[in-house]
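Shown next, in structure tokens, is the structure this report addresses.
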Amino acid sequence: MRCDSCGVTVDPAHAVCPLCRRNTAGGSKTAGNRWYPSYSAMPEPRESGTFARSLIFMIMAVISITLVINVLGSRDVWWSLYVAPCVLYAWLLIRHTWMSNSHLGAKIVVQWLGLSGMLLWINALSGGTAWSTGYVIPFLVMAATLLMTLLCIAKPLGWREFGGYLLLMVFLGFTPLLFFLLGLSHVLWPSVSAAMYALLTFGGMWLLADKGFRKEVKRRLHY
């Protein structure tokens, strides 16, 4: 059946044209052909926005309360500034790892960035030796790279699924060496170890991955 107003083909079961919204001669429940497929409407998935907002409120409340207690109490030690990065990392862990539908590789990268940032914050507040940039962060980046490598090997099509994130961890493996060159770290061997592990991982990727992945790496590196 065609609409007399706009000329489009209309399902005979419809009493109103879906384009111009004018009445048609249809509306019969015994109509034969249907020009539009019938489907059941799927409910849209609801994001737990209330929980996410409540989580942000609780984090802000904890940081504010600890800061007020620290200001009103003894200000010889600013312990509230140590609580803040831990609470923020807990929010990152819950919101962007446990509750997120992001790729597992992205979660590992975000966790390394968040944990490294928290340790840098605490190390800067405590002063003393640069233990975070000298020891902890180099071993963390090697552990994250090893975990990503195991995922590439264990999962079917793992090189194509996690290869890009593994390549990103290879580049991040040179971050401790950059810290040393900038004077933020005073211990050389962990930084060199992280850089060497990154180079060995890249060599292993090039040898073990399939040809499709190597072509993808060449395309991304523009050579």
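Positions are given from 1 along the sequence.
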Name all residues meeting the side-chain hydrogen bond (donor to acceptor under 3.5 Å, both in side chains) criterion together with Thr97; count only those two or more places apart in sequence or in a different chain, and write none if there are none.
->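 Checked Thr97 against side-chain hydrogen bond (donor to acceptor under 3.5 Å, both in side chains); matches are Gln111.
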Would the distance check show the side chain of [X] and the main-chain N or O of [Y] forming a donor-acceptor pair, the cut-off being under 3.5 Å?
| X | Y | answer |
| --- | --- | --- |
| Thr66 | Ile63 | yes |
| Asn70 | Ile65 | no |
| Asn123 | Thr129 | yes |
| Lys155 | Phe162 | no |

So do the side chains of [X] and [Y] get within less than 4.5 Å of each other, counting heavy atoms only?
| X | Y | value |
| --- | --- | --- |
| Tyr165 | Ile108 | no |
| Leu207 | Phe202 | no |
| Trp121 | Leu88 | yes |

Which atom of Ala198 lies closest to which atom of Gly173, heavy atoms considered =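 For Ala198 and Gly173, the tightest heavy-atom pair comes out as CB-CA, 4.2 Å.
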Taking all non-hydrogen atoms of both residues, which atom of Ser132 and which atom of Leu119 are closest, and how far apart?
->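 Nearest pair, atom of Ser132 first, then Leu119: CB-O, 3.8 Å.
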Starting at [atom1] of [X], measure out to [atom2] of [Y] and round the result to the nearest 0.5 Å.
| X | Y | atom1 | atom2 | result |
| --- | --- | --- | --- | --- |
| Leu55 | Met99 | CG | CE | 7.0 Å |
| Leu200 | Met205 | CG | CE | 13.0 Å |
| Arg95 | Ser100 | CZ | OG | 7.0 Å |

Under the side-chain contact (heavy atoms from CB on, under 4.5 Å) test, residues paired with Ile56 that sit two or more places apart =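 If we apply the side-chain contact (heavy atoms from CB on, under 4.5 Å) test to Ile56, skipping adjacent residues, the hits are Met60, Trp91.
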Just grab all the side chain to side chain donor-acceptor pair (under 3.5 Å) pairs involving residues 174-189, residues at least two apart or on different chains.
->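 Non-adjacent pairs meeting side chain to side chain donor-acceptor pair (under 3.5 Å): zero.
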